[in-house]
Structures are given as C-alpha cells and as structure tokens.
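To start, the structure under review is shown below, and the notes come after it.
Every chain is numbered from 1, with letters handed out A, B, ... down the list of sequences.
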Amino acid sequence: MKHTPTDYHDHEHTEPPSDIELRVKALESILQEKQLIDPAALDALIDIYEHKVGPRNGAQVVAKAWSDPQYKQRLLQDATAAIAELGFGGVQGEDMLVVENTAAVHNVVVCTLCSCYPWPTLGLPPIWYKSAPYRSRIVIEPRSVLAEFGVTLAPSKEVRVWDSNAELRYLVLPERPVDTEGWSEAQLMKLVTRNAMIGTGLALPAGDIR
Amino acid sequence: MNDIDAMTAARVPLDEEGPVFDAPWQANVFALTVQLFKSGAFDWSQWVQVIGEEIKAAPARPGERVNDAYYRQWTSAFERLIAQLGIADGPTLSRRAEQWRQAYLHTPHGVAVALGNADCPPAHGHPRRHGAVAISPATTRDIAQAIDPV
C-alpha cells in the first residue's frame, strides 16, 4: 500500500481489535493470498445466511407436505430429493431425514457433538441449539427441556430425540393443526415455526393467524 | 455450587429469532469456512470431527455469551483444520495475527488498516502542527513595516 498523507488527527494509531478478531483476519488474509477464497464472495455468502436462508424454507416444505399427500410420501422416503424439488439444497442439506410427529410420537432434534443443523431449510441454528445445556439435557430429560420451551406432552406420547451429525440432518414434520381444512399452502406456512421443525415447539393453532 | 446455581447454569438459553451472528468476525469466520468447504478443500465430516473436539476441549466459560463461545470454538477448530490441510500451521497463523496487531498500531486512526503497515508505519501519517501549514506573505506596505520596521 502506498502511504499517503492523511487528515490531521490527534490519534497516532488505530486501536487493534480483540485477539479473536485478529486471528480471523489472519485466517482471511492467508487464505486470500493462497487464492483459496474469494474475498468478494464472502459478503454475499454472509448475506445469504443472514437474510435469505431461514426457517421460511422449511415452513414451505412442511406446508406442502400437509397439503399434498404424495409429496409427503416422497418427503418421508427421500427427504433430500423432495426438499430439492422446492429448490432448497446445499451445504448441510445434502443428507436429510424428515421425521413425522403423530398423535403417538413427538420428535425433537439435537446435535450432541456440535451444531449440525439443516441450513438450507432452517437457516443457521438458534443460540440455544448451540448451547451446552440443550445439547446434553435434551437427551437426558427431554420432557423437562420441552416443558421449558412451553411444550407439555401427554405422558402417553413417546418422545424421540434425534442426534444430527455430519452424515444426516433431521427436520421434524409437525402435526397439522386442527381446523385448517381447505387452507392454502401460503396460509399453512404461517403456522409453521422454526421450533416446530426442530421439535422444541408445535405448529401454531389455527386461531393464531386468522 | 448449590442446586439452584446448578439449575440456572444448566438452563437452556431460550431466544426469539434473533440475529444469526453477534459480531462481524463471527460472520467472517463462518463464511471463510463455508467458502473453503465449497471449494472442495475438505469433507464436512472432517470439520464436524474437529469442531466437536474443540467444543469438548474448550467449553463455554462462565458468563461467556453462547455465540462468543461457539465462534471462539469455531475459530480454533478452523485454525486446526487449516493446519491439518497443510495450508498454514499454528505459528504461521499466530505470526500473522501479530502482524495485524502491529498494522493497527501503526495505522493512523481513520485510515484503512493494511497488513503492509505492520513493520512500516505510514511515512507521512501525522505531521505535527507546531506552525502554520501555509503562509501567504503580506503584500501591503503597512503590514510589511509592522512586521519588519525599516
């Protein structure tokens, strides 16, 4: 860089950022020098994960499965392909498995090792999904953890906890709320929350959006 | 730690749909990892192995926010992966981070920080303003006399 005369500030230097920020800058500059990354594409990638990929994608999948029995069948048989039909796929969405909530079974997803999560359908994971208490406790005492999320299940209902990993990521197909007969997919989508697709929530009741 | 403390510490930190990243560096290290993965440099299972080990080895510290802890672990894991892949070893990364620190220290406030400033401070960065920066000489006789009477 050519050193150029600058404005006449009082400050002689720029306060360095925190150690971890410097480490990230070190990684970025080295990868850039070795031409292993394209710095211009980084911001676009961040923008995608901050604004464009999120649980609305998964909600679209769920709403379609509720509306179209054949699609639901395909979704349960080969989730990756069925989700790709709607245009969603890519990193952390390569190998998907959809688990269906029923009157008898409630499914909930965790990654006990780190934070494996289906990015293309749900975006990046919420804070609590990455926290140690959730990762350990949902396996040990799923019903109490679900109660903390406001989900109280009948004792007669079985709870299945699925551990996401590098090979497989899960999406919960929540039960369709009652009194939604004849609703369009667009209407149904509004009932599908992120937590309902992780299993730490249920789909909203019909009355919530009318 | 009594039982109530233990329960509080173990509580799941519920949130609404908040921001994905708490700070730009978190977004940056995430994006670097994903871009390098997309280039085919490593398998995702390789990454999961490394970050899983790192999360276990360096758990969240008391009072540390979840994203701060998580992306601290992520950054350490990515550094290890970079070393495993033979792209740059730990000492190289540390040296580079230190160069960045020096670059900041040598760069005047308000100027873009460039790595080149690490060991070469900008030459003309900050002239001291002891005197006027420009003088237009007086031309009228009166003033000239006042300053330098004949």
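- A distance of 8.5 Å separates CH2 of B:Trp44 from CD of A:Glu94, quoted to the nearest 0.5 Å.
- Using a 4.5 Å cut-off between heavy atoms, A:Tyr129 does not touch chain B at all.
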Check: Between A:Lys34 and B:Ile87, is a side chain to side chain contact (heavy atoms under 4.5 Å, CB included) present by the stated rule, with each step listed?
Finding: CA-CA 8 Å; A:Lys34 294 180 180 276; B:Ile87 296 169; 3.6 Å; yes

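- Heavy-atom minimum distance, A:Cys116 versus B:Val48: SG-CG2, 3.8 Å.
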Next item on the list: List the steps and the verdict of ring pair (Phe, Tyr, Trp, His ring centres under 6.0 Å) for B:Phe30 and A:Trp119.
Entry: CA-CA 13 Å; B:Phe30 166 81; A:Trp119 295 352; 5.2 Å; yes

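- Proximity of A:Lys130 to B:Tyr71: side-chain heavy atoms (C-beta onward) are separated by under 4.5 Å at one or more points.
- The residue among A:Gly54, A:Gly123, A:Ala132, A:Ser115 with the most heavy atom pairs within less than 4.5 Å of chain B is A:Ser115.
- Taking CD1 from A:Ile30 and CZ from B:Arg96, the interatomic distance works out to 4.5 Å, rounded to the nearest 0.5 Å.
- Side-chain contact between A:Arg23 and B:Glu79: present, with at least one pair of heavy atoms (C-beta onward) separated by less than 4.5 Å.
- Nearest heavy atoms, A:Ala166 versus B:Ser45: CB-CA, 3.6 Å.
- Only the side chain of B:Lys38 has a heavy atom closer than 4.5 Å to any heavy atom of chain A.
- The OG1 atom of B:Thr75 sits 10.5 Å away from atom CD of A:Glu21, with the distance rounded to the nearest 0.5 Å.
- The side-chain heavy atoms of B:Phe78 and A:Val24, taken from C-beta on, include no pair separated by under 4.5 Å.
- Your options are A:Ile46, A:Leu113, A:Thr112, A:Ile20, and the one with the most heavy-atom pairs under 4.5 Å with chain B is A:Ile20.
- When heavy atoms are compared at a cutoff of 4.5 Å, B:Ser94 does not approach chain A at all.
- By the 4.5 Å heavy-atom criterion applied to side chains, A:Leu45 and B:Gln35 are counted as neighbours.
- Of the charged side-chain nitrogens involved, none lies within less than 4.0 Å of a carboxylate oxygen, so that A:Glu15 and B:Arg101 do not count as a salt-bridged pair.
- Across all non-hydrogen atoms, the minimal contact from A:Lys25 to B:Trp100 is O-NE1, 3.3 Å.
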